[in-house]
Every structure is written in C-alpha cells, then in structure tokens.
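Quick notes on the structure that follows.
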Amino acid sequence: MIDLKLLQKDFETMSKKLQRKGVDATLLEQLKVKNETLKLAKTAFETLQAAQNAMSKEFGIYKREGKDISELKARVDANKIKVAEAIEVQREAQEELEKMAMAIPNVPDDSVPDGADEADNVELKKVLTPREFSFTPKEHWELAEKNGWIDFERGVKLATSRFSVSFGMGARLERALINFMLDFNRERGFEEVSVPALVNRTALEGTGQLPKFEEDLYKMESQELFLIPTAEVPVTNLYQDEILSADELPKRMTAYTSCFRKEAGAAGRDTRGMIRQHQFHKVELVAITTPDTSEIMFEQMVNCASDILTALELPHRLVNLCTGDLGFSAAHTTDIEVWLPGQNQYREISSISNTRAFQARRAKIRYKNGKKNEMVHTLNGSSLAVGRTLVAIMENYQNEDGSIDIPQVLKPYLGM
RNA sequence: GGACAAGUGGGUGAGCGGCUGAAACCACAUCCCUGCUAAGGAUGCGUACGGGUAACUGUACCGAGAGUUCGAAUCUCUCCUUGUCCA
C-alpha cells in the first residue's frame, strides 16, 4: 500500500514518481480527494458518537438518581439516527479509498530506469564467461528428453499443458539443488522455514498479489484458499499484524516450496520445455529489516543468489529492472539472468526486490523503534528457481553426444 | 464426523449491562535507595486513526462478524480457533 500520508503531504512528487509506473494522475488526484473526504466523514461521525456516548453516560446517572429520563431518551434517540447515517457515510468512503489504494503499485526508486519492458532493463554486471562450444549446443528440452530426465507428455497427461514430470537423475538433481541451495542460504544466515502452500486472501493482499492479480492464482473451490505463486507470500506474512522488537531484526528466512501460477498473461510464451511451468520448485529468501538497513540486506540477498550460480559455475548477469518490468510491490528489483547456450541468451532465474514499507503497510508488520511503532522493510528474492537452474545446468554442462556433466558442488548431494 | 468447554493487554488472570481501555500478579522501562551477587520503594507501560506547538484530547478495538439496548468485554445469533471427551 502506498503511504497515504505522504501522498497528502507531497502530492506532486509522489504523483510524478507513480506516473513513471504508469499510474493515472487523475486516479491519484481522486485518491487524495477521497482521503480528505474520509477524514471529514470520520470527524463528523466521531463528533456525533462522542455526543451519544456522553448522553448514554448521563442516562446512567439519571437512572441512579431516579430522575425522569423521557426527555433525555428523546434526544438520544434522535442523535442515534444521525450516528447511523454518519457511520454509513464513513464506511463507504473507507471502502472506496481502500479499493483504490490497494490497486496502486509501489513507488519506484529514482534509481529505477525508465522503460517499457524487459528490453529496457539495464545490465549491472556479468559474472563468469560463457564457455565456448565446439559444437552447436542443444536446447534443454532436447537434452532432457534424450537423457530421460524430463517427460513433458506425461505431465500433460496428468494435469494439463505446462506441467512436466522428472525422472531419475533429473528428479535427483532437482532434490540435490534444493538441498544445496537451502544449505547455502543457511550458511549465509537465513533460517530455514517450511510453510503452507495454501494461503488465504489476507496473506495475498499483504504481499500485493491481491486484489489485482487474482487471475494468475489457482483458487480452491471448497474454501477461499489459494495456491501460493511464491514462498514470498507465506514467509513474509508469517509476521503479518505483528509488532516486532528491534533486536529480533533483521529476520532472514529461506524456504523451499512449490509455486503455482496460471501464467494467464503468458499465452504462447516459452511453451516448450520447463522454463515456464504452472508448478515449479523454488527456494526463496525473505528478509524483514529496519528501514535504514534494507539496502544492505538487499545487496546481501543479491550476492547470495549470484554466489549460488557462481558455485554452480553458471555464467550469469545482473540487471536492474526498468519501470515497465518492475513488479507491483517492488521499489526496485535486480534480476539475475543465467546464460543458456542452447537458447543463446540470458534468461531470468532469480528476482530480488526491496519492497521497502509497501508490503509492511499492507500486512501491518511493524517494529518498535524506541517508543514508536514503525513499518519494517520487507525484501524477497529467489535463490533460485529450481527448474530453471536445472535447465541452465543441462545447457551449460552438455557434451557433444548429449550427455550432461554434474556440477562439482552437487556431487556430494548425489552420493558421487 | 458427534458432544461439551474456552477464547480478555507481552505473559498469567479478574471482570455485576453504565463507576472498565479494562483489577491483580509477572515481565519490561525509568528513577530512588542500598553496596553486594540479591533485595526494597516510586512511577510508567496496548494498538489504530483524527484534533492540538504541547500538556492533552476524541473515536474504535476484550477471537471475527452481525444483533438487542440510550449504553455491551459482560446478553443473543453466526463463524473461526483451541482444549477435552466420544466415534
């Protein structure tokens, strides 16, 4: 949620910044007016309610003293109608305001470059040099099928398109990667947590997936629960509606979960292979920090994810997402793209975001700063998407005959 | 799945429909006293939103929602959660 107080105080600046994210200026204008309306409605209601409370108190005194209450009752009854009207006005204003505010994305940092889509993202640095192949490297689906690691047809048979099944070394590699990543993260100070894969509406509103992106979520029919699109949702919401003490910050967590996405807007993209699946494994990093330390944490998280790829000897690069590619909740995001020689391009494998207080305001996560309660900063990042890592291993470690070498760091996890 | 019971502030735990935003205790914070490994005393100590330079003040919140009432932590209903017993 955007900071309504700040919007009120410095409308011009905030409006300009949000327009970079494509938010309609008139919508913000309306929001500001609505906020003022709500304030007036609140004051009106509270004044009436105060009178009501005062009269009710008098009522008790009258009765105790045996005085006649008929005149007082008439006054109180008349006021009661006004109170009822006032609260209705306030409730409506509140609802409308919330509806508008919840649909507005986070304010992008000034460091976020302008741009329409991923083509405008800015490369920050490259890590490791892609290897030279003496043959034409194959794409991962070809390698996966050739080695019997992944069966795309049977995934479709069991569910629908964009589902796959891993067999043998493919399945074992996934498990090895998950364990390797969790261990790696733990050594960097992230506590491992295991969380539900189904969450309620409140949790998804807290991290910003709802109300705007419901069409990309799988929803249960029997009750209002959704399959998580990322572990960011349950892990961040662990502390929803809590006031943390300063000395328990920063909180650093890592979790492995399956993630579920309808990929509603991605029809026709990456239809082959396991780049874009409805269900995929991911190891996630989540941090909750004080506002003044969130950028340091951000660096640590980016490094953590990048270092995993380095340990796996996978060439990759860091890019700063432009306004058009930036997610709803993020103030700024660094994507990590891994080199895929089969596709001859870098592809996203991790996304690390600082949402600053945006999610904290929605999820009501605060901490005690001296006497005052302040919003925390929340950050999240993948480290890494397991399926895509497997893809990267297949394409980067392939041999001319189609066989695939195993990265050195994974061998202990495979009993090799 | 069925029966019963309970859900109060960081914790334990009182609470008659008005004098309860909520006793008491513990924890915590500040101060005082003492000078020895521990104790005593004083005060303070929920959250959100609004008004005020400030002291302070208004409204709401006692699992959630709805209702009865001039007035609800306290009565009624629904739901959720937890515990116990039965299947």
Side-chain angles (χ1 to χ4, degrees), chain A residues 1-9 11 31-102 195-196 198-206 210 219-226 234 237-249 251 288 290-291 357-376:
Chain A
M1 183 120 90
I2 60 163
D3 188 340
L4 286 171
K5 259 190 197 155
L6 200 64
L7 182 78
Q8 206 68 260
K9 219 171 78 189
F11 182 79
L31 188 68
K32 184 171 177 250
V33 171
K34 187 54 79 183
N35 195 31
E36 282 155 2
T37 311
L38 174 63
K39 235 186 210 178
L40 291 176
K42 254 189 176 160
T43 311
F45 159 70
E46 284 178 7
T47 309
L48 287 168
Q49 185 60 253
Q52 187 76 3
N53 288 345
M55 282 190 276
S56 290
K57 221 163 220 167
E58 245 182 288
F59 210 99
I61 298 167
Y62 272 40
K63 271 195 121 172
R64 215 179 319 132
E65 294 175 351
K67 284 199 206 159
D68 177 40
I69 54 163
S70 55
E71 184 268 344
L72 180 62
K73 174 132 168 60
R75 266 199 294 150
V76 132
D77 282 342
N79 192 58
K80 204 180 173 184
I81 297 164
K82 284 197 240 165
V83 171
E85 285 167 1
I87 198 162
E88 192 51 37
V89 171
Q90 187 209 300
R91 205 183 50 80
E92 263 175 41
Q94 177 89 50
E95 265 172 25
E96 285 169 31
L97 180 80
E98 216 149 86
K99 208 172 158 195
M100 289 165 81
M102 287 293 272
V195 290
L198 285 166
V199 294
N200 58 34
R201 180 170 288 275
T202 308
L204 286 154
E205 283 172 348
L210 287 179
K219 185 180 176 182
M220 298 295 115
E221 270 195 357
S222 53
Q223 50 179 325
E224 194 168 63
L225 290 172
F226 302 81
N237 279 287
L238 243 24
Y239 298 97
Q240 176 217 107
D241 203 19
E242 290 191 27
I243 301 165
L244 305 165
S245 69
D247 57 325
E248 55 186 317
L249 295 179
K251 284 204 177 285
I288 298 176
T290 55
F358 185 81
Q359 291 180 330
R361 264 190 296 275
R362 291 175 155 244
K364 301 190 188 73
I365 310 174
R366 293 146 295 174
Y367 80 105
K368 273 251 185 272
N369 184 13
K371 287 210 163 215
K372 276 195 314 204
N373 294 325
E374 271 180 38
M375 295 297 168
V376 298

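Fair warning: this is a prediction, and the values are worked out from it, not measured in the lab. Note on naming: letters A, B, ... go to the chains in the order of the sequence lines (proteins, then strands), and numbering restarts at 1 for each one.
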| request: Determine the interatomic distance between C1' on A54(B) and the same-named atom on U20(B); round to the nearest Å. | output: 29 Å

| Of Gly60(A) and Val76(A), whose nearest nucleotide on RNA chain B comes first from the 5' end? | Gly60(A)

| said: Please report the distance separating the P of A6(B) from the corresponding atom of U78(B), rounded so that it comes out in whole Å. | reply: 16 Å

| said: Suppose you measure atom C1' in C80(B) against the same atom in A66(B); what distance do you get, rounded to whole Å? | reply: 14 Å

| request: Mind checking Asn53(A) for me? I need base, sugar-phosphate or nothing, with any heavy atom below 4.0 Å counting as a touch. | output: sugar-phosphate

| Within a radius of less than 6.0 Å around NZ of Lys368(A), do more than 12 heavy atoms belonging to other residues, nucleotides or ligands occur? | yes

| Is the phosphate of U47(B), meaning OP1 or OP2, less than 4.0 Å from a side-chain N or O of Lys368(A)? | yes

| query | Can a side chain N or O of Lys73(A) be found less than 4.0 Å away from OP1 or OP2 on C70(B)? | reply | yes

| message | What's Ile243(A) touching, base or sugar-phosphate or nothing? Going by heavy atoms closer than 4.0 Å. | response | sugar-phosphate

| field | Ser245(A) vs Glu248(A), side-chain hydrogen bond (donor to acceptor under 3.5 Å, both in side chains): CA-CA, chis, key distance, verdict | value | CA-CA 6 Å; Ser245(A) 69; Glu248(A) 55 186 317; 3.3 Å; yes

| message | On RNA chain B, does the nearest nucleotide to Thr43(A) precede the nearest nucleotide to Ala50(A) from the 5' side, or the other way round? Give the residue. | response | Thr43(A)

| said: Classify Gln52(A) by what it touches in the nucleic acid, base, sugar-phosphate, or nothing, heavy-atom distance under 4.0 Å. | reply: sugar-phosphate

| said: Please report the distance, rounded to the nearest Å, between NZ in Lys57(A) and C1' in C19(B). | reply: 9 Å

| query | Roughly, in whole Å, what's the span from NZ in Lys39(A) to C1' in C49(B)? | reply | 10 Å

| query | Which pair of non-hydrogen atoms, one from Leu249(A) and one from Thr290(A), has the smallest distance, and what is that distance? | reply | CD1-CG2, 3.8 Å

| task | Establish, with yes or no, whether the OP1 or OP2 oxygen of G71(B) is under 4.0 angstrom from a side-chain nitrogen or oxygen of Lys80(A). | result | yes

| Nucleotide C49(B), atom C1' - distance to CD1 of Ile87(A) in whole Å | 14 Å

| Salt-bridge present (Lys219(A), Glu224(A); N to O < 4.0 Å) | yes

| remark: For RNA chain B, the dot-bracket notation using Watson-Crick and G-U wobble pairs below 3.5 Å, [ ] for pseudoknot-type crossings and | for other-strand pairs, is ((((((((.[[[..)..(.....]]].(((((.......))))).((((((....)))))).[[[[[..)....]]]]]))))))).

| request: Round to the nearest Å and state the distance from Phe59(A) atom CZ to A72(B) atom P. | output: 13 Å

| said: From the set C70(B), A60(B), G58(B), return the single nucleotide nearest to any side-chain atom of Ser56(A). | reply: C70(B)

| query | Quantified in whole Å, what is the P atom distance between nucleotide U81(B) and nucleotide C75(B)? | reply | 23 Å

| said: What contact category does Arg366(A) fall into here, base, sugar-phosphate, or nothing, at under 4.0 angstrom with non-hydrogen atoms? | reply: sugar-phosphate

| request: Taking atom NZ of Lys99(A) as the centre, report whether more than 12 heavy atoms of other residues, nucleotides or ligands fall under 6.0 Å from it. | output: no

| query | Taking only side-chain nitrogens and oxygens of Lys5(A), does any of them come within less than 4.0 Å of OP1 or OP2 of G50(B)? | reply | yes

| When you check the phosphate oxygens OP1 and OP2 of C70(B), does a side-chain N or O of Asn79(A) lie under 4.0 Å from one of them? | no

| Quick one: Glu46(A) CD to A48(B) P, roughly how many Å, whole number? | 15 Å

| task | Starting at atom NZ of Lys42(A), determine the distance to atom C1' of A48(B), rounded to an integer number of angstrom. | result | 8 Å

| said: Suppose you measure atom C1' in A22(B) against the same atom in C61(B); what distance do you get, rounded to whole Å? | reply: 12 Å

| message | To check you understand the geometry: which heavy-atom pair defines the closest contact between Phe358(A) and Ile2(A), and what is its length? | response | CE1-N, 3.9 Å

| message | Under a 3.5 Å distance rule, please check whether Arg366(A) uses its side chain to pair with a backbone N or O of Ile243(A) as donor and acceptor. | response | no

| note | Per atom distances to the Asn373(A) side chain, the nearest of U47(B), G50(B), U59(B) is U47(B)

| message | Taking U8(B) as the reference, what is the distance to U12(B) when you measure between their C1' atoms (whole Å, please)? | response | 12 Å

| request: Considering only atom C1', compute the distance from U74(B) to G17(B) and round it to an integer number of Å. | output: 6 Å

| said: Expressed as a whole number of angstroms, how long is the span from Glu374(A):CD to A48(B):C1'? | reply: 16 Å

| Over all atoms of both residues, closest heavy-atom pair of Thr47(A) and Thr43(A) | OG1-O, 2.7 Å

| task | Check the distance between G50(B)'s P and Gln90(A)'s CD and give it to me in whole angstrom. | result | 12 Å

| message | Once rounded to the nearest 0.5 Å, what's the spacing between atom CG of Leu31(A) and atom CD of Gln8(A)? | response | 8.5 Å

| field | Spacing of the P atoms in A24(B) and G46(B) (rounded, Å) | value | 14 Å

